[in-house]
Structure formats: C-alpha cells, structure tokens
> 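This structure is in structure tokens; I'll ask about it shortly.
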2 protein chains.
Amino acid sequence: MPMVKKTLKQRIVDASVVLFQQDGYHNVTVDRIVEYIGASKGGFYHNFKSKDELLYEIHDVFISYVIKQSQEAYDKYNTPITRLCAMLQTLTKVFDMYQAHITVFYEESRSLPEEYSEIIHEKRDQYRDILQKVIEEGQQTKDFRTELPCTIVTMAIVGMINWTYKWFKQSGPLTMEEITEVFTDMVLRAIVTEQAMDEAVQFMVKGEPAVETGFINT
Amino acid sequence: MPMVKKTLKQRIVDASVVLFQQDGYHNVTVDRIVEYIGASKGGFYHNFKSKDELLYEIHDVFISYVIKQSQEAYDKYNTPITRLCAMLQTLTKVFDMYQAHITVFYEESRSLPEEYSEIIHEKRDQYRDILQKVIEEGQQTKDFRTELPCTIVTMAIVGMINWTYKWFKQSGPLTMEEITEVFTDMVLRAIVTEQAMDEAVQFMVKGEPAVETGFINT
DNA sequence: AAGTTAATACCGACTAGTCGGTTTGTTTTA
DNA sequence: TAAAACAAACCGACTAGTCGGTATTAACTT
C-alpha cells in the first residue's frame with residue numbers, strides 16, 4: 001500500500017468539504033481552513049485562484065464522479081430494469097461515500113460565480129438525463145408504465161435518492177444497503193408494468209423488515 | 001376587500017424571502033433588503049432584534065403552516081390510504097405556494113443560531129412524524145406492506161415531495177396538480193398491499209400522460 | 001380644548017469587526 | 001540557482017449592528 005504524502009491542495013479540499021458541510025461555505029473562512037490543516041494562507045492562494053475556485057473544485061469532483069458511475073451502470077447492463085437497478089445501487093453507494101460533497105453540492109452551488117456554475121449545471125443535467133433515458137427506454141419497451149410522464153418519474157426518483165443526504169447518518173440504525181433495497185423495491189413496483197413484473201421481482205424486498213430502531217431526521 | 005396597509009415588518013419578511021431564495025441568506029445584506037422596499041436600517045432593527053431573527057421568522061411561519069395543514073389532512077379522513085392521499089395533496093399544494101419559503105427553510109437553516117434552530121428542528125420532526133404515523137397505521141391495518149421499514153418509506157416520500165422545490169417551476173410545462181397525481185400513483189403502487197389495492201385505485205392515474213414538453217432541472 | 005408627556009415607529013450616518021485576497025519574505029526541490 | 005511551494009504580516013472592501021435623532025399618535029392633565 002503506497003502511503004503517498006497528500007499534497008497541500010488535496011488536504012485543503014478534504015478539509016474544506018468537511019468544514020463546508022458542517023457550517024456552510026460562508027461560515028467557513030479561508031483562515032479557518034488553513035489553520036485546520038496547519039497550513040498558511042499563502043499556501044492556499046498558491047493552489048487556488050480564489051475561495052470560489054475551491055468551491056468549484058469540490059462541485060466538479062463530485063458531479064463528474066456521479067456521471068461516470070451512472071454511465072458505467074448504464075453501459076454494464078442492457079435492459080431498462082437492470083439498468084435502473086444498477087443505477088439506484090450505484091447512486092446510493094456514491095451518496096453513502098460522498099455525503100459531505102453532496103451537501104456542499106446541493107446547498108452551496110448558489111455561491112459559485114457564473115463561469116463555474118454554468119459548467120456545473122450542465123453536468124448536473126447530464127446526471128438527470130442518463131436516468132431519464134433509462135426511464136424513457138423502459139417505456140418504449142413497455143417495461144415501464146407509459147401512463148406516467150417520464151420527467152416526473154425521473155424527478156421523483158432523483159428526489160428520493162438525493163434527499164438521503166439530508167437524513168442519512170452513517171452512524172444511524174439504517175445501512176445504506178437496506179435503504180437502497182427498499183428504494184429499489186418501491187420504484188420498481190411504482191413504475192414497472194404487469195407484463196414486465198416477472199423480471200423485476202428478483203430485485204425486490206423479501207420477508208419481514210428488520211426491527212425498527214430509533215428514529216431519524218427530516 | 002379591505003386593502004389593509006402592510007406593516008413594515010411584513011414588507012421586510014416578504015422581500016427577504018424572495019431575496020434569500022434568489023441569492024442566499026449570506027449574499028443578501030440588510031442594507032439591500034431595506035433599500036429594496038424603500039425603508040431604512042433603523043426600521044429594520046426596530047422590528048427585528050437581528051438578521052438572524054428575521055431568518056427564524058421565515059422558518060417558523062413556513063413550518064408551522066405545514067404542520068397545521070398536515071394535521072388537518074390527517075384529521076379530515078379516517079383510513080390510512082385516504083389520509084396519505086390527502087397529505088400528499090396538501091403538501092404539494094403548500095410547496096407550490098411557498099416555494100420561496102421552502103428554499104430558505106431547507107438551505108439556510110444552518111445559519112440559525114442554536115436558540116432558534118432547536119425550535120425549528122423540533123417542528124420539522126413533527127411534520128415527518130405525522131406522515132410516519134400514517135404509514136405505521138397503514139401497516140397495522142395491512143393496507144400498507146409490512147415488508148418495508150416505515151422510516152425508510154416515510155423518508156422516501158418526504159424526499160420525493162421536498163425535492164420538488166429544487167426543480168419545479170411555476171412557469172414550466174408541468175403543473176403541480178399533475179405532479180401530485182403522479183406522485184400519489186407511484187407511492188400507492190409502491191406501498192399498498194394487494195388486498196387494499198381496491199381502495200387505492202381510485203386515486204391513481206388513468207389513461208395516457210399529457211404530451212411531454214421541454215425539460216426541467218435537477 | 002389646549003398643553004404636556006410618553007410611547008411607538010422609523011430614519012441614516014457611523015463604527016467596529018471580519019474576511020477574501022495581496023505582498024513580501026523564506027524554505028524546499030529539481 | 002532558479003523556480004516552485006509555502007509562510008506571515010498586511011490591506012481594503014464590506015457588513016451587521018448601534019445610536020442619536022425625528023415624526024406621529026395616544027394618553028393624561030388642567
């Protein structure tokens with residue numbers, strides 16, 4: 001295992017994500033970031049043109065990864081149902097790992113200067129388009145119900161998944177695997193046609209749920 | 001129609017909600033708020049102890065209204081399915097009207113000082129609890145599938161609904177009524193048991209979807 | 001009714017502090 | 001030895017909140 005020394009730039013990004021998630025972009029000063037990792041302001045501005053550029057970096061790393069993973073999930077399978085399941089799996093997994101990034105992504109993008117936010121918005125749309133494409137193709141093959149407008153279905157799924165960043169706690173009683181399983185079940189039941197339900201049942205929840213423990217946030 | 005003159009306090013709140021939604025709490029200065037409505041800084045601090053207190057006011061007005069409406073929807077009906085449908089209806093309607101408030105509520109609550117945020121978090125949990133209660137009761141009556149953990153189901157629904165504030169545009173091609181109908185359909189199909197499906201079908205989408213037009217944001 | 005006091009609502013110049021960014025200086029590396 | 005990487009002191013713009021003041025209305029006194 002090559003224990004490579006992390007560059008200052010990487011340390012800045014890592015620390016910033018955590019701090020931004022905790023307290024929000026505007027409540028975290030550059031001074032605090034560099035103090036947190038025992039560096040200096042000079043080092044910061046040597047690596048970043050501005051605080052905004054750092055924010056952009058965080059956004060871009062995350063959304064680029066999401067797109068890459070989504071596309072891979074799409075390419076790996078060849079039916080709408082398996083593709084959808086793979087994407088749900090992939091996305092929740094990413095959301096498990098990158099929760100801090102996501103929080104920053106969905107709450108601080110307003111602070112991005114226009115030059116940056118244009119790029120980010122485009123990529124964010126790409127992410128949605130991949131999912132929407134799966135839904136559309138499923139409707140064409142009659143795997144998915146055509147009574148439901150695919151834009152709304154897409155956004156319903158996106159909302160369900162994205163919102164996890166607001167309430168999921170890695171230290172909480174629920175694992176992301178459980179959540180994924182339930183989400184998948186719900187989505188499939190909601191949109192798969194009767195004729196295609198045969199293929200879908202294998203991805204659904206079996207048996208009784210685990211004991212409900214504790215409670216969680218909004 | 002009694003054309004009551006709006007108080008300065010109300011004008012400040014109204015303007016702030018719009019400005020905060022657009023640019024975020026930290027990107028809107030007190031000076032800008034008062035300039036926007038043609039008032040003064042003195043007037044502002046006569047009505048509010050601080051900028052934070054104004055933010056709290058906006059939060060509280062919104063979440064209190066949501067709780068009130070949710071509770072009313074619950075009380076008005078007496079079966080899990082009808083209650084659930086009524087709550088979905090109510091919530092999306094509220095979200096249609098109060099989109100600016102919601103944006104502030106879900107994106108700026110971090111900036112609330114602890115004294116305020118405690119109260120708000122409590123109320124936010126109340127909102128979720130009302131919905132979760134409906135799901136739980138539905139599972140007890142076997143109207144809803146017991147294989148699905150009710151906390152996850154609740155948060156899936158909350159996420160689906162809440163996320164609308166991120167992408168729904170009143171000027172866009174989709175109306176909130178359409179969206180509500182599709183959401184209701186999806187949720188019911190996802191969680192209602194076969195034996196109770198008879199009661200649920202009346203709330204579901206009939207026929208083909210409207211023509212898909214344009215596209216929307218994440 | 002007139003005069004007096006008091007409370008409320010609002011104004012706007014000013015201040016103290018904060019924070020992103022710069023400049024200058026020092027160390028490390030290739 | 002020169003350039004890259006980092007450190008530390010500094011600057012200027014910005015902003016939440018203050019404070020002395022004014023206008024308006026209500027309440028009380030004589």
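We name chains A, B, ... by the order of the sequence lines, and we start the count at 1 in each one. The analysis underlying the following values was restricted to heavy atoms, covering all of them including side chains, and did not include hydrogens, waters or symmetry mates.
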> Heavy atoms from C-beta onward define the side chain here; which of D:dA7, D:dG17, D:dC6 lies closest to that of B:Lys51?
D:dG17
> Can you measure A:His26 atom NE2 to D:dC14 atom C1' for me and round it to whole angstrom units?
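So the two atoms are 13 Å apart, to the nearest Å.
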> What is the distance, rounded to the nearest whole Å, between atom CZ of B:Phe20 and atom P of D:dA16?
9 Å
> Rounded to whole angstroms, how far apart are NZ on A:Lys49 and P on C:dG20?
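One finds 17 Å between P of C:dG20 and NZ of A:Lys49, rounded.
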> Rounded off to whole Å, could you give me the CD1-to-P distance for the B:Ile12 and D:dG17 pair?
13 Å
> Is B:Lys9 close enough and on-axis enough to B:Phe48, meaning under 6.0 Å and within 45°, for cation-pi?
yes
> Taking atom P of C:dG21 as reference, at what distance in whole Å does atom CZ of A:Arg32 sit?
17 Å
> Side chain of B:Ser40 only, heavy atoms from C-beta on: which candidate in C:dG21, D:dA16, C:dC10 is closest?
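So the nucleotide nearest the side chain must be C:dC10.
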> Please give, in whole Å, the distance from D:dC6 C1' to A:Lys9 NZ?
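Those two atoms, NZ and C1', are 15 Å apart.
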> Report the residue (A:Asp31 or A:Gly38) whose heavy-atom-nearest nucleotide on DNA chain D is the more 5′ of the two.
A:Gly38
> Have B:Tyr165 and B:Glu107 got a donor and an acceptor in their side chains that come within less than 3.5 Å?
yes
> Measure distances between side-chain N and O atoms of B:Lys41 and base N and O atoms of D:dA16, and say whether any donor-acceptor pair falls under 3.5 Å.
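Indeed, a donor on one side and an acceptor on the other fall under 3.5 Å apart.
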> Please tell me which of the listed nucleotides, C:dC11, D:dA16, C:dG20, lies nearest to the side chain of B:Leu8?
C:dC11
> Nearest to the side chain of B:Tyr45 - C:dG21, C:dC10, D:dA16?
D:dA16
> Looking only at the aromatic ring of each residue, does the gap between the centers of A:Phe95 and A:Trp163 stay below 6.0 angstrom?
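A:Trp163 vs A:Phe95: aromatic centres not under 6.0 Å.
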> What's A:Val28 touching, base or sugar-phosphate or nothing? Going by heavy atoms closer than 4.0 Å.
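Sugar-phosphate, backbone atoms only, no base.
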> If the cut-off is 4.0 Å, is B:Asn47 near the phosphate of C:dA9, judged by side-chain N/O to OP1 or OP2?
no
> Strictly below 4.0 Å: does A:His46 bring a side-chain N or O up to OP1 or OP2 of D:dA5?
yes
> Would A:Lys51 and A:Tyr25 count as a cation-pi pair here, with the cationic atom under 6.0 angstrom from the ring centre and within 45° of the axis?
yes
> When the distance from OH of A:Tyr56 to P of C:dG20 is rounded to whole Å, what number comes out?
21 Å
> Cation-pi check, A:Arg83 to A:Tyr77: give yes when NZ or CZ is under 6.0 Å from the six-membered ring centre and within 45° of the ring axis, no otherwise.
no
> To the nearest Å, how far apart are A:Phe44 CZ and D:dA8 P?
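A:Phe44 atom CZ is separated from D:dA8 atom P by 17 Å.
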